[in-house]
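The chains referred to below are lettered A, B, ... by the order of the sequence lines, with proteins before strands, and numbering in each begins at 1.
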2 protein chains.
Amino acid sequence: MAEVQLQTQTRADEAFDCLQTAIVKGDLAPGEKIGEVELCSRFNLTRGPLREALGRLESRGLLVRRPHAGVKVVSVSADELIELYRIREVMEGLAARQAAERMTDEEIRDLRATLDSHETMIEEARGQAYYQAEGDYDFHHRIATGSRNTKLAQMLLGDLYYMVRMYRYRLSTSAGRPHMALGEHRRIVEAIAQRDGELAEFLMKRHINAARQNIEKKIQEGVLTI
Amino acid sequence: MAEVQLQTQTRADEAFDCLQTAIVKGDLAPGEKIGEVELCSRFNLTRGPLREALGRLESRGLLVRRPHAGVKVVSVSADELIELYRIREVMEGLAARQAAERMTDEEIRDLRATLDSHETMIEEARGQAYYQAEGDYDFHHRIATGSRNTKLAQMLLGDLYYMVRMYRYRLSTSAGRPHMALGEHRRIVEAIAQRDGELAEFLMKRHINAARQNIEKKIQEGVLTI
DNA sequence: GTACGCTGTATTGTTGACAATCCGTGTGTT
DNA sequence: AACACACGGATTGTCAACAATACAGCGTAC
């Protein structure tokens, strides 16, 4: 609830960020109808910038708007969540391949260091949740930007990840999954280090496939209800 | 310049459509800086709805905005155009595979009929440009929606195609390319009709790969300067 | 008893004026 | 002559009031 805010960006940007994180974190539940004036008082904004932010969020598919009828947070069904992973599979596969061709040696070093820090975190057994939520995101983030494909990174970071994280927040991680995921990450990085784009793509696709199957299993078990 | 307009949608939607088509058609040149008041008088709007539309367009990557410094149409470099086709390759490959699994028999019939009409258009030699510009778009549009993957269709139809069409408008089609593209389309449809998702994906990826190479060649020849 | 239509209220969409910020131009200095 | 700084104008960002529309509740007709 800090009143201090970066003055460099505009209020509309601020509203956009606030709403986006609120939706992703679940403070605004999926399917929830939200009034403009309520949001204004909640985030200390006026309706002008707010509406601009709402337009952007609608365009990104995080909420739906019906004329004169209000705006409500998008609710993604279980099937649609699975579909999201199918998209990630092909797009991040491409990102991994291009990253193998274009990442600098320095970036690869940083990537390895990131995985090392993740490993210690997991071994110390504190912060499994952190690893799953933020560490995994960090890894994929670096690959996306490392692809040097502006539009690809934009679509992954700006569209897909937010929708996935929106559900990952309420998704408890399976027992051995973080450790297994880390191993998969390591192999992907090694393929990138060897500049083997084809292998990196294959491994990344398999990695996301495994994550998808993990979620599918949970949904069938009824652990995750959407 | 028709004054009549659908009253069902809001002014912001109208502004969004107007600007989007203006950018795609080239009425607003890439890199061109545009003032808000000028746009208002040009499209008979006020600044409120206009700004909302600008926010949406920025979010989709069709224009960039610097705070207090104005907004200008995004200019995509030749390299970035190529990267767009790399993205299309994997995403439309996925779309073709899922379309093969999920399209109804009726949709497949319609798709075949569409290709037939394209064929007569090409043979009559009138409307090569039409085929390349709109017919091709029509084909890929149907595949995307036929995938039954909401987000995938949204990303293809809402993001990628507009950026591609923005440059296709000034791209003269190669001599024999439309006829060859039609043949590739036919083979993709047959794979879908046989419910062979793997093959459909492969053929679609190769199809877009060919289109990309066609553009790369033109850029190297200096025919297309971006 | 149910279905249809009407009206009131609350919410959204729009407008025009006001405030904050940046860019170009001009002048002064080195 | 070239650079730095400051000022004015123009443009963007923000605000609060006005108009238009949809939803809910009630009444009436069938």
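Distance B:Glu52 CD to D:dT14 P: 14 Å, rounded to the nearest Å. Rounded to whole Å, the distance from CD on A:Glu38 to P on C:dA10 is 16 Å. Computed from coordinates, the A:Leu54 CG to C:dT12 P distance equals 9 Å when rounded to whole Å. Rounded to an integer number of Å, the gap from CG of B:Asp13 to P of D:dT21 is 15 Å. Rounded to an integer number of Å, the gap from B:Glu36 CD to D:dT12 C1' is 6 Å. Per the geometry, CG belonging to A:Leu39 stands 16 Å off C1' belonging to C:dG13, to the nearest Å. Regarding A:Leu50, its CG atom lies at a distance of 12 Å from the P atom of D:dT14, rounded to whole Å. Remark: C1' of D:dT21 and CZ of B:Arg11 are 15 Å apart, rounded to the nearest angstrom.
Under a cut-off of 6.0 angstrom, the local environment of NZ in B:Lys151 is crowded, with over 12 non-hydrogen atoms contributed by other residues, nucleotides or ligands.
Considering only side-chain atoms of B:Pro49, the nucleotide from C:dT15, D:dT14, C:dG13 that sits closest is C:dT15. Closest contact between the side chain of A:His68 and the listed nucleotides D:dT14, C:dT14, D:dA22 involves D:dA22.
Comparing A:Thr46 and A:Ala69, the nucleotide of DNA chain D nearest to each residue sits closer to the 5' end for A:Thr46.
B:Ser147 and B:Ala95 make their closest contact through CB-O, 3.7 Å (heavy atoms, listed as atom of the first residue, atom of the second, distance). When all heavy atoms are compared, the tightest approach of B:Asp27 to B:Glu32 is O-OE1, 4.3 Å. Across B:Arg88 and B:Ile208, no two heavy atoms sit closer than the pair O-CD1, 3.6 Å.
Of the side-chain N and O atoms in B:Arg66, one or more sit less than 4.0 angstrom from OP1 or OP2 of C:dC23. Between B:Arg47 and the phosphate of C:dT14, there is no side-chain N or O to OP1/OP2 separation shorter than 4.0 Å. Between A:Arg51 and C:dT12 there is no side-chain polar atom (N or O) within less than 4.0 angstrom of OP1 or OP2.
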- Query: For DNA chain C, what is the dot-bracket line, given that a base pair needs Watson-Crick (N1 to N3, plus N6-O4 or O6-N4) or G-U wobble (N1-O2 and O6-N3) geometry with both distances under 3.5 Å, and | means paired with another strand?
  - Reply: ||||||||||||||||||||||||||||||

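Counting non-hydrogen atoms under 4.0 angstrom, B:Gly70 reaches the backbone sugars and phosphates but no base.
Classification of B:Glu101 and B:Arg195 as a salt-bridged pair fails, no side-chain N sitting under 4.0 Å from a carboxylate O. Using a cut-off of 4.0 Å between Lys/Arg side-chain N and Asp/Glu carboxylate O, B:Glu92 and B:Arg86 are scored as not salt-bridged.
The side-chain tip of A:Arg165 does not point at the ring of A:Tyr161 from less than 6.0 angstrom away and within 45° of straight on.
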